[in-house]
Amino acid sequence: MEGSFWQTLLGALDAFFVGVVRFLPGLLAAFLILVVGLVIGWLVRVTARRALVVAKFDRFCDSSGASQVLSRADVRAAPSSLAAALLFWLVFLSFLMAGLSALHIEVISRLISEFFLYLPRILAALAILFVGFLLANFLARAALLAAVNAGVPSPRAISLVVKFLITILSFAMALEQLEIAKTIVLAAFVIAFGAVMFGLALAFGLGGRDVARRVLERHLRDTDERPAKDDISHI
Amino acid sequence: MDESFLSEEVRRQIAEIGEADIVVGIPSFNNARTIGQVVRAVQAGFAKYFPNERTLIVNSDGGSTDGTQEVVQTATAPDYHTILAPHPVRGVHRIVTPYHGVPGKGSALRTVFAVAHAVAARACAVVDSDLRSITPEWLDLLLSPVFHQGFDFVAPLYHRHKYDGTITNSIVYPLTRALYGKRVRQPIGGDFGFSGRLAGHFLEHHVWHSDVARFGIDIWMTTTAITGGYGVCQSFLGAKIHDVKDPGVDLSAMLMQVVSSVFALIEDHHAVWREVRGSQAVPLFGFEYAVGLEPMRVDVSRMVGIFAAGARDLAPIWEQVLAADTFASVGELAAAGVTDFRFPVELWVRVVYDFAAAFHAKVINREHLLRSLTPLYLGRTASFVNENEEAGSAEVEAAIEALCLEFERCKPYLVERWDTA
């Protein structure tokens, strides 16, 4: 009996050591892959940063409004640094996943493949949000300029409404990409968007009824009869 | 020189005509109401002032649907006896053709340039198709400086109400004069004379898919003639009265188109203008006269209101564009009342130069940048109206001259802002 205890114990220890010996190369390979990933990621980051600086990427982001979007999100880093950092993390994550695969642990392998399947949705959602913010800022500014130049009252309110609507739309589209509470998000968006549109229609239809009638009458009349505010010819 | 954009029919007509001494181009789009009179005026001008020359009228049309081309084809000759003109020795040829390319006056004139080059014309002119005040004398004034005096480019000079042409008076003329050194009073007048040689030079440029083809052709022609070292002069044509088709034209869009054309040319010619110092007068032809003009209704309070709204709501944009002290000074103006509102000349010049530098640096989207100029322009116009309410034409012209001198004096400021942009 004592003999079988020691045999079992030795057998278990032996199996453990065999397992460790089998696991160690994989662990070493994973570590090496990680190190290589770090080095390559760093090289990609440095190269990308230099290339973007030469291509005046930061200036392009300033003029397109992307820098303003980032600064509103309290992101102080230059757009070229951010883009280079993003590339670093993409490269490093890819090597990290490859390194974890080298361990040949089934649960980890399954998690990795699910992560890679979900990654495009994350990237698409981020892209939708970013483009949505840019578009919201651009169109809000266009609305503000048009309203100010036309002498329309409350131009900032008009600009804010435009920005709000496009931002809400972007968030809803991003959440749909991430497949987070799809039904709830869709219902909330439809209700919110519809409520805003209905409110605007009521405000202009009832509150601005007389104004709308005067505007329509003026447009339907012959253009020669349209009263000009100025006789001045600017050109 | 690529003339392949001319249609087969036009090339056949050019081959039939052979050569012509004088070409007059009339760009058009739905101008059936007025173009007949313009064609008759041109024919009368040919008979009175160029009776022995080979003449050609080119109507370059943008696809009119109101019968404009048919009006040109069938326009009858004037009664030469009534207008005291000899019966022309030669007939007046006509080419009526739709133009090809980007819709706009620039594409229409490209066709005129190409025809003029193909027939080896010595002198050419272009006149607008909606003119109501054109007379046969205009042909003499636009063509004779080229045909008889050897000039290459004739800019128009119109007699205008003191409040008219404020975009020209406060931006285009002072800028063109300060940058390129020639005092062409109305660089975007719309009716020009030019030599066949200059027409050929125009065709050598590859601008026909840009905004030049759409709306920037007038200032482009003037600037190209000046910077190309061609002989430039101007002719007094009297009053310019258009057929009023759409009085509700958006000022912001118009200002954006004009100023974007001017600023784009500043970019193209930056190596030229930075070396120019001061300005020179250009020869003036024609008998200058003044006529009394009816009082004009101007809504100054609306202009001041839009300026104040801009100072309040567009401050984040202006802050990116204007230098810090310029921005601060502009902000202080909004406190003034309507009748007391003044936009100092020195401040206006710095605003225009800051916008030019911001356009070059692409600080924000260019269309948004130029649309944000509208409240500032209206503020300057309101100030101009207030300052010159009791002034006559001579005093107003002196005020514009003072503005131009300020643009010239502050030119080093533009060079500095441009280089740091």
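Heavy atoms only: backbone and side chains are in, while hydrogens, waters and symmetry mates are out. Just so it is clear: chains get the letters A, B, ... in the order the sequence lines come, proteins before strands, and each one is counted from 1.
Using a 4.5 Å cut-off between heavy atoms, B:F307 makes no contact with chain A at all. For B:L369, no part lies under 4.5 angstrom from a heavy atom of chain A. Interface residue A:A150: only backbone heavy atoms are found under 4.5 Å from chain B. Neither the backbone nor the side chain of A:F60 comes within contact range of chain B, judged by heavy atoms closer than 4.5 Å. Proximity to chain A (any heavy atom under 4.5 Å) is shown, for B:R366, by neither the backbone nor the side chain. The part of B:Q320 that comes within reach of chain A is its side chain, from C-beta onward, which places non-hydrogen atoms under 4.5 angstrom from that chain. Of the two parts of B:T381, only the side chain, counted from C-beta on, holds a non-hydrogen atom closer than 4.5 Å to a non-hydrogen atom of chain A.
Comparing B:N169, B:D313, B:T374 by heavy-atom pairs within less than 4.5 Å of chain A, the highest count is held by B:D313. Between chain A and the residues B:I317, B:I306, B:T168, the largest count of heavy-atom pairs under 4.5 Å involves B:I306.
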Output, in order, the C-alpha distance, side-chain angles, deciding distance and verdict of side chain to side chain contact (heavy atoms under 4.5 Å, CB included) for A:H234 and B:V258. CA-CA 11 Å; A:H234 291 271; B:V258 171; over 6 Å; no
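Here CZ of A:R141 is found 4.5 Å from CD1 of B:I364. Values are rounded to the nearest 0.5 Å.
Summarising the local packing, CZ of A:F31 is surrounded by 12 or fewer heavy atoms from other residues, nucleotides or ligands at distances under 6.0 Å. Within a 6.0 Å sphere centred on CZ of A:F115, heavy atoms belonging to other residues, nucleotides or ligands number more than 12. Within a 6.0 Å sphere centred on OH of A:Y118, other residues, nucleotides and ligands contribute more than 12 heavy atoms.
Put simply, the residue from A:V148, A:N149, A:L145 that forms a side chain to side chain contact (heavy atoms under 4.5 Å, CB included) with B:S372 is A:L145.
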